[in-house]
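Encoded as structure tokens, the structure appears first; notes follow it.
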Amino acid sequence: MKVLVLTGPESSGKSWLSAELQGHFGGLLVGEYVRYFIEQNPRDTCLADIPEIARGQMAWEDSARAKRPELLILDTHLLSNMLWSQTLFGECPAWIEEALLARHYDLHLLLSPEVVDWTDDGQRCQPDLSQRLAFFNATKAWLEQHQQRLQVINGDWAERRRQAFTAVEYLLKP
């Protein structure tokens, strides 16, 4: 089983690209638990919600891992939960990073916020490119610090798709 993570700031194409990858390569796709959580709890999210969101994301991921697909595509993972908690609330429960580091991921596709437009979907909160770049840089710094395999995906939508498809073709080679 190869585990692929799409990560990066909001509105950079993670969900769209995850679906494109699954449509082309097959595999199992795990979405963002936080979106489900927000739909079920239509109020401002607070620091006290972070553990439940992280546990929900882990449960969805663990359920998918148990099925042992050849390719597991994660639209996000605990790193996003951790960085959003730090961004929005200035802190994050330490166990989330510990849980993240205990898991294996074969490749992170880190999507740049540049070139593509921000789209408001009712859950997003960083319309300024500078905010999304700061999130991108924090994500990249964490992945590099913890020696996680990553590839930056950038350009327009067609270029992002091309880069991601090439990366996954390489990942799946025997």
Side-chain angles (χ1 to χ4, degrees), residues 1-15 17-18 27-69 71-114 118 121-153 167 171:
M1 175 173 66
K2 297 292 183 177
V3 183
L4 173 71
V5 180
L6 284 85
T7 191
E10 63 183 26
S11 206
S12 58
K14 296 181 299 293
S15 297
L17 195 49
S18 296
L28 192 53
L29 173 60
V30 175
E32 292 179 274
Y33 183 84
V34 69
R35 290 189 166 278
Y36 169 79
F37 180 88
I38 290 170
E39 289 169 5
Q40 299 303 306
N41 301 278
R43 58 173 168 73
D44 287 344
T45 304
C46 62
L47 180 60
D49 295 325
I50 298 301
E52 182 178 346
I53 293 168
R55 283 188 202 97
Q57 190 68 49
M58 286 190 309
W60 281 11
E61 180 182 325
D62 291 344
S63 176
R65 282 179 182 268
K67 296 174 182 168
R68 307 244 354 113
L71 177 63
L72 177 57
I73 304 166
L74 304 177
D75 185 344
T76 193
H77 69 348
L78 291 177
L79 179 56
S80 289
N81 298 141
M82 189 177 84
L83 293 176
W84 271 113
S85 183
Q86 291 168 347
T87 297
L88 296 174
F89 311 116
E91 61 182 290
C92 180
W95 70 263
I96 294 176
E97 184 172 39
E98 293 165 9
L100 176 60
L101 289 169
R103 292 164 176 264
H104 173 77
Y105 303 98
D106 294 291
L107 177 63
H108 294 80
L109 298 182
L110 173 55
L111 280 68
S112 167
E114 296 175 295
W118 181 82
D121 69 356
Q123 292 188 5
R124 295 181 177 148
C125 64
Q126 291 188 323
D128 295 332
L129 179 59
S130 62
Q131 294 171 309
R132 295 190 314 280
L133 279 171
F135 195 92
F136 171 86
N137 289 330
T139 305
K140 187 175 183 196
W142 190 94
L143 291 169
E144 288 174 342
Q145 176 187 354
H146 296 284
Q147 301 176 338
Q148 300 291 306
R149 185 170 166 210
L150 76 106
Q151 180 173 334
V152 172
I153 303 293
L171 177 66

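Contact of the V5 side chain with the L79 side chain is not registered, since no non-hydrogen atoms from C-beta on lie closer than 4.5 Å. Y105 has its side chain within reach of L100: a pair of non-hydrogen atoms, C-beta onward, lies under 4.5 Å apart. Looking only at side-chain heavy atoms (C-beta outward), D49 and C46 come within less than 4.5 Å of each other. Taking 4.5 Å as the limit, some side-chain heavy atom of L171 sits within range of a side-chain heavy atom of R149. Put simply, the side chain of I53 does not reach to within 4.5 Å of the side chain of W84, judged on heavy atoms. Counting heavy atoms from C-beta on, the side chains of Y33 and R55 never come closer than 4.5 Å.
Counting only distance, with no hydrogens or angles, the side chain of D106 and the backbone of V3 share a donor-acceptor pair below 3.5 Å. Checking side-chain atoms of S85 against main-chain N and O of N81 turns up no donor-acceptor pair under 3.5 Å. With hydrogens and angles ignored, the 3.5 Å screen pairs no side-chain donor or acceptor of K140 with any backbone N or O of G8. The backbone N or O of S112 sits nowhere less than 3.5 Å from a side-chain atom of E114 that would complete a donor-acceptor pair.
The number of heavy-atom neighbours closer than 6.0 Å to CG of D128, taken from other residues, nucleotides and ligands shown, is above 12. For Q145, the CD atom counts as densely surrounded, since its 6.0 Å shell holds more than 12 non-hydrogen atoms of other residues, nucleotides or ligands. Enclosure of atom CZ in R68 is not indicated, since only 12 or fewer non-hydrogen atoms of other residues, nucleotides or ligands lie within 6.0 angstrom.
Of all non-hydrogen atoms in L111 and F136, the two that sit nearest each other are O-CD1, 3.5 Å. The shortest heavy-atom contact between F89 and T45 is CZ-O, 3.4 Å. Taking both residues in full, the closest heavy atoms of G31 and Q57 are given as O-NE2, 3.1 Å, listed atom of the first, atom of the second, then distance. Among all heavy-atom pairs drawn from E61 and V30, the shortest one is N-CG1, 4.2 Å. S15 and D75 make their closest contact through OG-OD2, 2.6 Å (heavy atoms, listed as atom of the first residue, atom of the second, distance). The two residues K14 and P9 make their nearest non-hydrogen contact at NZ-O, 2.7 Å.
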- Task: Report the C-alpha separation of R103 and D62 in whole Å, then their side-chain angles, then the decisive distance to 0.1 Å, and conclude whether the salt bridge (Lys or Arg N to Asp or Glu O under 4.0 Å) test is met.
- Result: CA-CA 10 Å; R103 292 164 176 264; D62 291 344; 2.8 Å; yes

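Between W60 and Y36, the ring planes lie tilted relative to each other; the angle falls in the 30° to 60° range.
A distance of 8.5 Å separates NE2 in H104 from CE in M1, rounded to the nearest 0.5 Å. In this structure, the separation between CG on L74 and CG on L4 is 7.5 Å, given to the nearest 0.5 Å. One finds the CG atom of L78 at 10.5 Å from the CD atom of E97 (value rounded to the nearest 0.5 Å). How far CG of L47 is from CD of Q86: 11.0 Å, rounded to the nearest 0.5 Å. T139 OG1 to L83 CG: the interatomic distance, rounded to the nearest 0.5 Å, is 4.5 Å. Within the model, atoms CG of L72 and NZ of K67 stand 10.5 Å from one another, a figure rounded to the nearest 0.5 Å.
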